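Down below is the structure, laid out as C-alpha cells.
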Amino acid sequence: IREMKLTGVSRVFIGSVLLTFCVGFGISSLLANLDTERRASQERNAALRELAAVRAQLEGVVKATFSSTDGLVHLVAIDQSIGEALFDQMASFAIGKNPHIRNIALAPDEVVKYLWPLAGNERALGFAYRTSPEQYRTVLKARQTQGPVLAGPVDLTQGGRGFINRTPVFLG
C-alpha cells in the first residue's frame, strides 16, 4: 500500500475545491428553490385568474337567470295590492322566460302569501321565514343590503334543496 503525502499546496487545493463545490451546491440549491417558488407563484396566479373568470361567468348566469323576476319586483313595489291572479300571470311569465327558476314566492311581512306554481309547493304557502334561522338570515341580509341575496343550497320547506334568490321589495 502506498501512502500519499499531501503537501501544503495540495491541501489548499483540495480545500478550495471542496469550498467551491459547497458554495456551488448552495447557490444551485438556492436557485432551484427560487425557481420552484416562481413557478408556484405563476401557477397560483393563473389559477386565481381562471377562478375570477369562472366567478364572473357564474355571476352573469345568475343575474341573467333572476333578471326575469325584476318586472314582478317592480310591479309589487308600485302596486302593493297585487292580487293572486296578476301575481300568477307575472310569475308564470318570469318562469317561462327562465326554466331554471322552479317557483316564485311573494312574502309580505316575511310570510309566504303567494306562490307559483302552487302544485308541489303547497307546504311553503304560509311559511314564516322567522321560523327558519337558516332562511331568515338571508332575509335579513337582503333587507340590510337592500339588494338581492343568493342563498344556498338550503333545505326547502316543500322538500329538497335549492338555491333561493331573495329580492327585497321596499314600499313607500
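Since the model is a prediction, treat every value here as computed from it, not as a measurement.
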Is there a path of hydrophobic side-chain contacts, each under 4.5 Å between heavy atoms of I/L/V/M/F/W/Y residues, joining [Y] to [X]?
| X | Y | result |
| --- | --- | --- |
| Ile78 | Leu106 | no |
| Trp116 | Phe163 | yes |
| Leu115 | Val73 | no |
| Leu118 | Phe127 | yes |
| Ile27 | Leu19 | yes |

Report yes if the side chains of [X] and [Y] come closer than 4.5 Å at any heavy-atom pair, otherwise no.
| X | Y | result |
| --- | --- | --- |
| Val76 | Met90 | no |
| Asp155 | Glu134 | yes |
| Arg161 | Leu156 | no |
| Val149 | Lys141 | yes |
| Thr157 | Glu122 | no |
| Ile104 | Leu72 | yes |

Residues Thr138 and Arg166: side-chain donor-acceptor under 3.5 angstrom:
yes

More than 12 heavy atoms of other residues, nucleotides or ligands under 6.0 Å from CZ of Phe93: yes or no?
no

Looking at Glu84, I'd like to know if its CD atom is crowded, meaning that more than 12 non-hydrogen atoms belonging to other residues, nucleotides or ligands lie closer than 6.0 Å.
no

For the side chain of [X] and the backbone of [Y], is there at least one donor-acceptor N/O pair under 3.5 Å apart?
| X | Y | answer |
| --- | --- | --- |
| Ser92 | Gln89 | no |
| Asn121 | Pro117 | yes |
| Gln146 | Gln144 | no |
| Asp109 | Val111 | no |
| Tyr114 | Ile82 | yes |

Kindly write out the residues that satisfy salt bridge (Lys or Arg N to Asp or Glu O under 4.0 Å) with Arg55, not counting sequence neighbours, or none if the list is empty.
Glu59

Arg130: partners by salt bridge (Lys or Arg N to Asp or Glu O under 4.0 Å), with sequence neighbours left out:
Glu110

Looking at every non-hydrogen atom in both residues, tell me the closest pair between [X] and [Y] and how far apart they are.
| X | Y | answer |
| --- | --- | --- |
| Pro168 | Pro148 | CD-N, 4.1 Å |
| Tyr129 | Ala107 | CE1-CB, 3.4 Å |
| Val112 | Ala124 | CB-O, 3.4 Å |
| Asn103 | Gln158 | ND2-NE2, 3.1 Å |

Review item, side-chain donor-acceptor pairs of residues 34-47, under 3.5 Å, at least two apart:
| residue | atom | partner | partner atom | Å |
| --- | --- | --- | --- | --- |
| Asp35 | OD1 | Arg38 | NE | 3.4 |
| Asp35 | OD1 | Arg38 | NH2 | 2.4 |
| Asp35 | OD2 | Arg39 | NE | 3.4 |
| Asp35 | OD2 | Arg39 | NH2 | 3.1 |
| Thr36 | OG1 | Ala32 | O | 2.9 |
| Arg38 | NH1 | Gln42 | OE1 | 3.2 |
| Asn45 | ND2 | Ser41 | O | 3.3 |

As a test of understanding, state which of Leu86, Val169, Asp70 forms a side-chain contact (heavy atoms from CB on, under 4.5 Å) with Leu75.
Leu86

Is there a side-chain contact (heavy atoms from CB on, under 4.5 Å) between Ile101 and Asn98 once you walk through the steps?
CA-CA 6 Å; Ile101 301 173; Asn98 201 319; 4.3 Å; yes

Can you tell me how far OG1 of Thr167 sits from CG of Asn165, rounded to the nearest 0.5 angstrom?
4.0 Å

